[in-house]
Amino acid sequence: ANDARTVTVRAGERVLARVQLAPRVSQETALRGVRLEPGDTVWTFETDKPAEFPNDYDRRRVAFSLRDLDLKLVGPAPTK
């Protein structure tokens, strides 16, 4: 992000994480202990500020970038 902002990660209405981003600083974030229920799972990434042009030459609006996404499935959840 080019400015300080908060990114919220949701699965449906459930908040999985809220991350504070500092301007122009790469930040590693881990979401641990997230259970993926059977079927489709949709995550949304929301920010508290609108997207901006990153510089004078790039005309794409960017809110934040997500890089090197690494999902590790550790096994089935315990049965109830």
Side-chain angles (χ1 to χ4, degrees):
N2 285 335
D3 58 4
R5 62 180 59 228
T6 301
V7 175
T8 303
V9 182
R10 297 180 185 272
E13 294 299 315
R14 184 172 60 141
V15 174
L16 302 177
R18 275 198 177 87
V19 180
Q20 302 292 325
L21 298 179
R24 296 177 187 85
V25 175
S26 293
Q27 179 175 329
E28 186 173 318
T29 303
L31 280 65
R32 300 191 192 290
V34 176
R35 179 183 166 126
L36 299 177
E37 298 296 335
D40 293 338
T41 300
V42 176
W43 286 7
T44 57
F45 296 79
E46 305 164 350
T47 182
D48 61 334
K49 296 183 180 176
E52 299 178 338
F53 296 114
N55 56 50
D56 292 337
Y57 311 103
D58 191 341
R59 302 315 301 165
R60 298 172 296 162
R61 292 180 190 256
V62 178
F64 60 92
S65 64
L66 178 64
R67 299 174 186 208
D68 300 323
L69 178 64
D70 184 20
L71 300 176
K72 294 180 182 161
L73 302 178
V74 296
T79 57
K80 295 180 182 178

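The analysis underlying the following values was restricted to heavy atoms, covering all of them including side chains, and did not include hydrogens, waters or symmetry mates. The structure displayed is predicted, hence computed values, not measured ones.
Within the 4.5 Å cutoff, side-chain heavy atoms of Trp43 are placed close to those of Val34. Put simply, the side chain of Arg61 reaches to within 4.5 Å of the side chain of Phe53, judged on heavy atoms.
Atoms CG and CG, from Leu31 and Leu16 in turn, are 6.0 Å apart once rounded to the nearest 0.5 Å. Rounding to the nearest 0.5 Å gives a distance of 10.5 Å between CD of Gln20 and OG1 of Thr29. Between the NZ atom in Lys49 and the CG atom in Asn2 there is a gap of 11.0 Å [rounded to 0.5 Å]. Atom CG in Leu69 sits 4.5 Å away from atom CG in Leu71 (nearest 0.5 Å).
With sequence neighbours left out, Arg32 forms a side chain to side chain donor-acceptor pair (under 3.5 Å) with no residue at all.
Nearest approach of Ala51 to Ala63, heavy atoms of both residues: CB-N, 3.7 Å. Arg14 and Arg35 get closest at one heavy-atom pair: NH2-O, 3.6 Å. Nearest approach of Ala4 to Pro23, heavy atoms of both residues: N-CG, 3.6 Å.
Judged by distance alone, with hydrogens and angles left aside, the side-chain atoms of Arg5 form a donor-acceptor pair with the main-chain N or O of Pro50 at under 3.5 Å. In this structure, the side chain of Arg18 does not engage the main chain of Thr6 through any donor-acceptor pair within 3.5 Å.
A continuous path of Ile, Leu, Val, Met, Phe, Trp and Tyr side chains, each step under 4.5 Å between heavy atoms, connects Leu66 with Val9, placing both in one hydrophobic cluster. Follow the hydrophobic side-chain contacts under 4.5 Å out from Leu36 and you reach Phe45 in the same cluster.
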